[in-house]
2 protein chains.
Amino acid sequence: MPDIQDLDPRKAAILEAVVTEYIGTAQPVGSHHVAEAAGINVSSATIRSEMVALEREGYLVQPHTSAGRVPTDKGYRFFVDQLAEPGVLGPAQRHKVSRFFEQVHGEMEELLERTSGLLSDLTSYASVVVPPSHDAVVVRSVQLVGLGARVALLVAVLADGAVEKRAIELPEEIPDEVLAVASGRLQAAAQGHPLGSVHVADPSGDAAVDRVVSLAESALGDLECEAHDRIFVGGPSRLAAAFDAVDTVRAVLATLEQQLVVVSLLRDVLERGLSVAIGTEHGYEPLSACAVVVAPVSVDGQVGGAVGLLGPTRMNYPQALAAARVVGEQLGDRLRATLDAGPSARPVRETRPRRRARGRR
Amino acid sequence: MPDIQDLDPRKAAILEAVVTEYIGTAQPVGSHHVAEAAGINVSSATIRSEMVALEREGYLVQPHTSAGRVPTDKGYRFFVDQLAEPGVLGPAQRHKVSRFFEQVHGEMEELLERTSGLLSDLTSYASVVVPPSHDAVVVRSVQLVGLGARVALLVAVLADGAVEKRAIELPEEIPDEVLAVASGRLQAAAQGHPLGSVHVADPSGDAAVDRVVSLAESALGDLECEAHDRIFVGGPSRLAAAFDAVDTVRAVLATLEQQLVVVSLLRDVLERGLSVAIGTEHGYEPLSACAVVVAPVSVDGQVGGAVGLLGPTRMNYPQALAAARVVGEQLGDRLRATLDAGPSARPVRETRPRRRARGRR
DNA sequence: TCTGGCACTCGATTCTACCGAGTGCCAAGG
DNA sequence: CCTTGGCACTCGGTAGAATCGAGTGCCAGA
C-alpha cells in the first residue's frame, strides 16, 4: 500500500465531511452536501473532481453510478487515524460512568456483567467485556467440598475477588474427613501463589489424601487456562437496531455466541496495537460489516482484559473510543483497587513496577 | 369465551391442515391446498365455507381479502391443545440429548449454560434455562475470605453444586484471624441447613467476630433471594432467523436482556399450568409475535426451575414441546443425582416424598 | 486552477396492466 | 340439507413504462 500516508489537506477535509455526514445519515453523500459542510469553501464541481481521486485511491466508493459516495474501510481508517479529534464523553455520560463505579459494589462477576451493560448504554452499541486472565493474580483461598460420593468441587477465591470453581471426579469414594485434610493442605500451599504455580511439596502420610491433592493441583492449573473464556456481552439487541439486513444481524449474533472467537478477536486487535478494527481488517468474515473498538483493561500496567464495542462500520468512532477507553481504565482501576487493598501479600505490585498503559496516537 | 370447546371434526381437520401447512411454508394457505392435504376428502368449495366459519369463530384470519388463511393465536392454541399429537424427538436428537447428559461433567453453571445451548441446537429456537431456586437446597460449605481491608467475600457451596458468592462491606478493618474464626462458626452453623435458615446460636467471646457473623448471616439470607435471577439464554441468533422484521428481532432481544422479565414470564406461564403461551396469551407486549414453550425442571418432585423455548408463533409445537420436556426432565434428574449422591445428610429426600411431575395434556 | 453549466445516469417512485391464487356466492345434484 | 362445480370478483405481486431527481462527468470560460 503506497498511499497510506497523508492526503491533500483539502481531500482530507472532504473525506472527513463525507464520513461524518454518512455516519449521521447512513445515506450516500453527494458533492453538494459536502460543499455545504463547514470548513469547505469550494464549489461542488471541485469537490466532485476531488472525489473521483479519492475514489481512485480507495477511500470512497459509489454504491452505483450517480449516487453519492460512501466511505470504504480504508476511508474510515484514515478518518480514525488522522482526522477525528479525540472525542470526549458528554457530561451526562461522564456522570453515568463515575456514578456507576462509585455505586457498584460487590463481586467480580456481577461487576463485569454490569460493566458491559454500562458500555452498551453509553454508546448504544453492543459491548463485550473480557476479564483479565488470572495469570498473575494470587490465590486467597482454596477449598475442596464433597458433592457426590465421588465428586468434589474445588473452589478457589482469587485476590481480585473472582471465584473459580471446578468439579473433580474422584477415582474412588473419599470420606469427608480425607477431603478436609486435603483441602487444608491445598489451602496452605496455594495461599499467596498464582493459580498455575501451586505445588504441595511433601507428601502426607495418607496415600488417599495425596491422590486427591494431586488431582486438585492439576485442576487448579486447568482453571488458570479455562478461566478467561467467560465473556460478558451487553446489549446484543443494539445490533438489530444498527443493521437493517436481518442476515447480517444473524451472522453477527451467531459470532457473538462463540465466546472463544470473540476473545481471540479482541486479543488479536489489541496485539496489533490497534484500538479500532474496521470491516475486514480483522480477518473475521461474518463480522465484515462491523467495526470493533477495543480498549485494554490493565491492572498495574499489565494488560489483562479488554472491553470492546461492536457496531456498524459507520459507527461514531470518537465517542465509542472515548467510552471504551474510559470504561476500560476505570474497570482496571477498580480491579486494582480490590487487589491493592488486600490486607496481606501483594506480590504483583512488588514484582512488576507500575507502568503507564502505553497510549497510542 | 363461549366457544372454547370442541370443533366440528371436519373443521378441526381443516384447521389442523392450515396450521401444519402454515408452519411449514410461512405462506397463507388457501382452500385448494387444504383440499389436497391427507385426510380431507371434500372439495375446496366446501372447505371455503368451513373456513369462513373458522374465521368468524376466530381461529383463522385473512391477511387481506382474497389471500389464504393464517392461524390466529386461538387457532394455534386449539391446535396445540386438541390436535397435535404428542410429538417425539427423532433418533438423532434423542441420541444428542442422552450423549449430552452422559458427557457433561462438572459444575452447575457450566451445566446450565451448555444445556441452553443444547436446547436451542435441538430446536433451532432461542432457549432459556432458569435454574431451580435454592430454597430447599442445603449448604455444604460456607467460607469468608478477606479481599480488601474492609471487604470480605462470602462463598457458599450448596449441595447441588452451585456456588453462590457475595461481597460484604465490613464496618471496620477486620484482621484475617477474626475472619477465620467467624468463617468457622458460620460453617458449623450452616452446614446441612438451607440458605435462608442459617443461624448462629450463641455469641462467641469476641464482639468483632459476632458482628462479622451477623453480617454474613443476613448476606446468606440475601443470597437465597438473589440467586435465581441469573438465567442462561441460548442461541439468540436463532431469533434473527425466525423473524424477518428487524424491529421484531430487536424487541424480542431487548426483552431477553431483561432477565427478571424472562424469569417471571416463564414462572407465570408455568403457574397457570400451561406449557405453551402463544402470542398475546402471556401479557408481554414486545413478545406478542412469539410463542413460548416451557417445561418445568423438577428436582425431587419440587418444581424449581424451568427451561423454555422462544420462537415465532408458527413454531413447531410438538417438536419444541418434546425437546423442552425431555431436556427439562433430564436436567432435573441430573440435578437430583448430584443432590442424592451426597455422602451425608439428604434432608430434602426425607421431608418430601418423590412424586411424579404432573404432566399436562 | 476553479467554477458554473449541461447532458447524462440510474435508483427510486409511481402508474398501469395483468396474472393468478384465492375468495364468495349460487344453482344444480346427491 | 349438505356438497359440489362453476363463475364472477378481489386484490396482492410482478413486470414494464414513465417520471423524478439527486448526483455524476465533462467542458469551456474566468
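Letters go in sequence order (proteins before strands), and every chain restarts at 1. Values below: all heavy atoms of this structure, side chains included; hydrogens, waters and symmetry mates excluded.
- To the nearest angstrom, C1' of C/dG22 lies 10 Å from CE of B/Met51.
- Below the 3.5 angstrom threshold, one finds no donor paired with an acceptor across the side chain of B/Arg48 and the base of D/dG5.
- Atoms NE2 (A/His64) and P (D/dT24) sit 10 Å apart, rounded to a whole Å.
- Remark: P of C/dT23 and CG of B/Leu54 are 12 Å apart, rounded to the nearest angstrom.
- To the nearest angstrom, P of D/dT24 lies 10 Å from CD of A/Glu55.
- At distances below 3.5 Å, not a single donor-acceptor pair connects side-chain atoms of A/Thr255 with backbone N or O atoms of A/Pro286.
- A salt bridge is defined here as a Lys NZ or Arg NE, NH1 or NH2 lying under 4.0 Å from an Asp or Glu carboxylate O, and A/Lys74 with A/Asp81 fails to meet this definition.
- Within 4.0 Å (heavy atoms only), A/Ala67 reaches sugar-phosphate atoms of the nucleic acid but no base atom.
- Comparing D/dG6, D/dT24, C/dT23 by their nearest atom to the side chain of B/Ala45 picks out D/dG6.
- Nucleic acid contact for B/Thr65: sugar-phosphate only, since backbone atoms but no base atoms lie under 4.0 Å from a heavy atom of the residue.
- One interatomic measurement links the two molecules: CD of A/Gln27 to C1' of C/dG11, which rounds to 12 Å at whole-angstrom precision.
- The distance from atom CD of A/Glu36 to atom C1' of D/dG23 is 14 Å, rounded to the nearest whole Å.
- As a whole-Å value, the separation of B/Asp8 CG from D/dT3 P is 9 Å.
- Using bins of under 30°, 30° to 60° and over 60° for the plane-to-plane angle, the ring pair B/Tyr22/B/Tyr76 lands in the tilted bin.
- In the model, A/Arg325 has a side-chain atom that pairs as donor or acceptor with a side-chain atom of A/Ser275 under 3.5 Å.
- Taking for each of B/Ser44 and A/Val52 the nucleotide of DNA chain D with the nearest heavy atom, the 5'-most of the two is the partner of B/Ser44.
- Minimum atom distance to the side chain of A/Val42 is reached by C/dT3, of the listed D/dG25, C/dG22, C/dT3.
- Remark: the A/Gln319 side chain and the A/Thr123 side chain contain no N/O donor-acceptor pair separated by less than 3.5 Å.
- Contact annotation: B/Ser66 does not reach the phosphate of C/dA21 (side-chain N/O to OP1 or OP2, under 4.0 Å).
- D/dC1 atom P lies 16 Å from atom CZ of B/Arg10, rounded to whole Å.
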